[in-house]
Amino acid sequence: MRIRPVAAVAGALVGLAASLLPAGGAQAAGGRPGVEIVAHRGASAYAPENTLAAVDAAAGLGVAWVENDVQRTKDGELVVVHDTSLARTTDAEQVFPDRAPWNVADFTLAEIEKLDAGSWFGPKFAGERVPTLEDYMDAVEDNGQKLLLEIKAPELYPGIERQILKELREDGWLDRHHVKHRLIVQSFNAGSVKKVHSLRSDVKTGFLGTPAVAELPKYAAFADQINPQYKSIDAGYVASVHKVKGPHGRPLEVFTWTVDAAADAVKAAGQGVNGIISNKPDVVRDALEGEDRQAGPARAAAGPGVA
């Protein structure tokens with residue numbers, strides 16, 4: 001375990017709510033009952049994405065779920081970064097000017113650990129690093145949070161599914177409690193999701209995309225969730241997903257992304273989604289809580305028996 005940099009600790013000081021997060025299954029971020037709120041790449045509107053600072057910023061907001069992206073270095077280490085290139089979110093171009101296009105897979109972990117993954121976002125995050133998956137998991141565990149883990153571009157990293165599961169097991173995340181309450185593994189690559197299911201059928205999985213309704217039974221053989229971009233769905237599509245049972249005998253869920261505007265959050269919740277992934281999870285939470293406060297008096301005025 002590595003010591004978190006000062007910037008990550010500063011991110012935690014957004015609030016002290018991390019110590020209050022439940023270790024179990026409750027949704028700490030509030031919002032509408034049954035709608036999970038997920039901090040996209042951590043609370044990435046408030047701290048550099050996919051860093052420990054973003055994990056702590058989400059905890060400071062009281063958000064239980066965080067989402068991340070996992071790739072592999074040249075020497076076989078698992079790191080948390082979204083783009084397949086390091087150029088956008090680190091100073092790789094300055095540190096290694098002759099290594100274009102700065103692909104994650106072309107750098108060793110030691111080289112990546114030299115990079116600044118925070119200054120691009122803001123000066124107070126200078127020195128923030130690209131975390132290893134191990135360090136990321138330690139931060140999530142320390143905060144009592146839950147993880148929606150995305151396998152990023154698995155076609156570039158043969159065998160990464162087995163390696164990720166091995167890391168999760170070694171970090172204590174494949175015990176019954178974590179698997180049941182605190183972990184989802186997703187990918188845009190259906191073959192990768194299918195591989196995770198074949199290796200650990202108890203792990204909850206999600207497919208990122210919007211398959212045709214007729215194709216949903218095929219995905220339901222290995223995915224518990226269909227996780228589409230929010231502009232690609234409507235209430236009818238969500239209802240169709242819910243009608244299909246996944247590999248564990250429960251209706252397929254829908255976690256939609258990336259919803260940052262209050263109105264879009266209310267619309268998505270009204271469509272019946274199970275989860276909303278957001279760079280601004282506090283905005284989503286407040287919007288759903290506000291909607292429920294407005295709906296409460298209306299329900300009461302309508303009288304008993306009205307949903």
Salt bridge between K146 and E67, side-chain N to carboxylate O under 4.0 Å? no

What one should report as the nearest heavy-atom pair of P247 and A223 is CD-O, 3.2 Å

To the nearest 0.5 Å, atom CD of E113 lies from atom OG1 of T108 at 8.5 Å

Original post:
Between the side chains of N279 and D260, does any donor sit under 3.5 Å from an acceptor?
Top reply: yes

Taking the side chain from S85 and the backbone from P101, do they hold a donor-acceptor pair closer than 3.5 Å? yes

message = Do V185 and V193 make a side-chain contact, defined as non-hydrogen atoms from C-beta onward lying under 4.5 Å apart?
response = no

Distance col, row T51:OG1 vs D135:CG, nearest 0.5 angstrom, shows 12.0 Å

OH (Y136) and CG (L52) are apart, to the nearest 0.5 Å, by 8.0 Å

Are I226 and L216 close enough, and set up right, to give a side-chain contact (heavy atoms from CB on, under 4.5 Å), and what steps lead you there? CA-CA 9 Å; I226 300 296; L216 291 173; 4.0 Å; yes

| query | Given the rule in the side-chain contact (heavy atoms from CB on, under 4.5 Å) test, do E134 and E170 qualify, once you have shown the distances and angles that lead to the verdict? | reply | CA-CA 9 Å; E134 179 183 3; E170 291 175 352; over 6 Å; no

* **Donor-acceptor contact present, side-chain T90 to main-chain L86, <3.5 Å** => yes

**Prompt:** Could you go step by step and tell me if T132 and V80 meet the side-chain contact (heavy atoms from CB on, under 4.5 Å) rule?
**Reply:** CA-CA 6 Å; T132 64; V80 177; over 6 Å; no

Side-chain (T84) to main-chain (N103) donor-acceptor, under 3.5 angstrom
no

d(W257 CH2, I277 CD1) to nearest 0.5 Å is 8.5 Å

Closest non-hydrogen contact found for A268 with V273 is O-CG2, 3.4 Å

inquiry  = I'd like to check V196 versus I151 (side-chain heavy atoms, cut-off strictly below 4.5 Å). Are they in contact?
reply    = yes

Review point. When the aromatic ring centroids of F207 and F222 are compared, is their separation below 6.0 Å?
Key: no

Closest non-hydrogen contact found for E155 with N189 is OE1-ND2, 3.3 Å

Test your reading of the model: is there a side-chain donor-acceptor pair from D224 to the backbone of T205, 3.5 Å cut-off?
yes

Test side chain to side chain donor-acceptor pair (under 3.5 Å), reference Y157, set Q163, K152, R72, Q71, output is Q71

query = Can R41 and E49 be counted as an ion pair, charged N to O under 4.0 angstrom?
reply = yes

Around atom CZ of R88, are there more than 12 heavy atoms of other residues, nucleotides or ligands at under 6.0 Å? yes

* Quick one: does R200's side chain have a donor or acceptor within less than 3.5 Å of a partner on L174's backbone? -> yes

Indicate whether any N or O donor in one side chain lies under 3.5 Å from an N or O acceptor in the other, for E167 and W173.
no

dist K204:NZ -> L148:CG (nearest 0.5 Å) comes out at 10.0 Å

field: Sidechain-backbone polar pair: R182 side chain, Q145 backbone, donor-acceptor under 3.5 Å
entry: yes

Rounded to the nearest 0.5 Å, the OH atom of Y46 sits from the CG atom of D56 at a distance of 16.0 Å

Paired with N274, the side chain to side chain donor-acceptor pair (under 3.5 Å) test is passed by just one of H242, Q225, E36, namely H242

Are L147 and M137 close enough that some pair of their side-chain heavy atoms sits under 4.5 Å apart?
yes

Please examine the side chains of K195 and S198, heavy atoms only from C-beta on, and report whether any two atoms are closer than 4.5 Å. yes

Between L115 and A92 the two heavy atoms that sit nearest each other are CD2-CA, 3.7 Å

_So that I can tick it off, tell me whether R99 and E111 are bridged by a salt bridge, with the cut-off set at under 4.0 angstrom between side-chain N and carboxylate O._
yes

Student check: side-chain heavy atoms of T256 and N227 closer than 4.5 Å:
no

For this session: State plainly whether the residues K74 and D106 are in salt-bridge range, i.e. N to O under 4.0 Å.
Result: no

request  = Kindly say whether G127 contributes a backbone atom to a donor-acceptor pair with the side chain of R129 at under 3.5 angstrom?
outcome  = yes

- Quick check: does any side chain N or O of D282 sit under 3.5 Å from a backbone N or O of L61, one acting as donor and the other as acceptor? no

key: Close side-chain approach of S278 to H40, heavy-atom, < 4.5 Å   = no

Exercise. Between H177 and H181, how do the two ring planes meet: parallel, tilted or perpendicular, split at 30° and 60°?
Worked result: tilted

Practice problem: Might you work through the side-chain contact (heavy atoms from CB on, under 4.5 Å) test for F107 and W102, ending with a clear yes or no? | Solution: CA-CA 8 Å; F107 287 79; W102 302 282; 3.8 Å; yes

Review point. So, D75 versus T73: side-chain donor-acceptor pair below 3.5 Å or not?
Key: yes

query: Just by distance, do the side chain of D234 and the backbone of Y237 share a donor-acceptor pair under 3.5 Å?
result: yes

Closest non-hydrogen contact found for A265 with I276 is O-CD1, 3.6 Å

Mind checking whether K280 and V284 have side chains closer than 4.5 Å, heavy atoms only? no

Residues H82, E150; criterion side chain to side chain donor-acceptor pair (under 3.5 Å); working and verdict
CA-CA 9 Å; H82 178 269; E150 180 180 339; 5.7 Å; no

Evaluate the side-chain proximity of I164 to L78: yes if any heavy-atom separation is below 4.5 Å, no if none is. yes

Taking every heavy atom of A287 against every heavy atom of V266, the minimum-distance pair comes out as O-CG2, 3.9 Å

### Query
Between S201 (side chain) and H197 (backbone), is there a donor-acceptor pair under 3.5 Å?
no

